[in-house]
Amino acid sequence: PFEGVAWTPRPPQGPPQGCFACIAKPPALRQASPVLSPSSAVYLMESKSCKGDSLRPAVPCKHSVEKKTMTNPTTVIAIYPDTTEVNDYYLWSIFNFVYLNFCCLGFIALAYSLKVRDKKLLNDLNGAVEDAKTARLFNITSSALATFCIILIFIFLRYPLTDY
């Protein structure tokens, strides 16, 4: 059924040697054997999934050679900002929005707290720090003014204006 096709047996070999980059890319096939002429209709068939092929040359892993011959290695360390250090004041903003929402300052603080969370997800550390400062400022202002108003209400309830 397979006229003109020559099957060549492959010797059993162990696992392929080298790094993943070299194993993943199969080396180029050798030129056809001098015994086989190009005019003949004999083609060698092989599986492309087999890395240990008897027709392919034994090429040493270039990556391991580079590792051995490298005399002055350079280490590159990628430093990403730690966005977990930025405080978003989310719970404080919710408390101010629900209980101490003086002149809608708690709502504005909550909006900035949500902006801090969004910028932390986008790794925009500078923007997150600026919005965190603004959220803290609105939270402090809302808490202070609401607390001052509550104290004034208690004072006027204890000592009504009719006594003066």
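Nearest heavy atom pair, residue Asp88 against residue Arg117, reads OD2-NE, 2.6 Å.
Annotation: the span from Asp124 atom CG to Lys115 atom NZ amounts to 10.5 Å, rounded to 0.5 Å. Atom CG of Leu110 is separated from atom CG of Leu91 by 10.5 Å, given to the nearest 0.5 angstrom. For the atom pair NZ of Lys119 and OH of Tyr112, the computed distance is 9.0 Å after rounding to the nearest 0.5 Å.
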Would you be so kind as to tabulate the donor-acceptor pairs closer than 3.5 Å made by side chains of residues 138-146, with sequence neighbours excluded?
from: Asn139; atom 1: OD1; to: Ser93; atom 2: OG; distance (Å): 3.4
from: Asn139; atom 1: OD1; to: Asn96; atom 2: ND2; distance (Å): 2.9
from: Asn139; atom 1: ND2; to: Ser93; atom 2: OG; distance (Å): 3.0
from: Asn139; atom 1: ND2; to: Ala135; atom 2: O; distance (Å): 3.1
from: Thr141; atom 1: OG1; to: Leu137; atom 2: O; distance (Å): 2.8
from: Ser142; atom 1: OG; to: Leu100; atom 2: O; distance (Å): 2.8
from: Ser143; atom 1: OG; to: Trp92; atom 2: NE1; distance (Å): 3.1
from: Ser143; atom 1: OG; to: Asn96; atom 2: OD1; distance (Å): 3.0
from: Ser143; atom 1: OG; to: Asn96; atom 2: ND2; distance (Å): 3.3
from: Ser143; atom 1: OG; to: Asn139; atom 2: O; distance (Å): 2.9

Validation: residues 101-108 side-chain donor-acceptor distances under 3.5 Å, sequence neighbours left out:
from: Asn101; atom 1: OD1; to: Gly106; atom 2: N; distance (Å): 3.2
from: Asn101; atom 1: OD1; to: Phe107; atom 2: N; distance (Å): 3.4

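The ring pair (Phe, Tyr, Trp, His ring centres under 6.0 Å) search around Tyr99 returns Phe95, not counting sequence neighbours.
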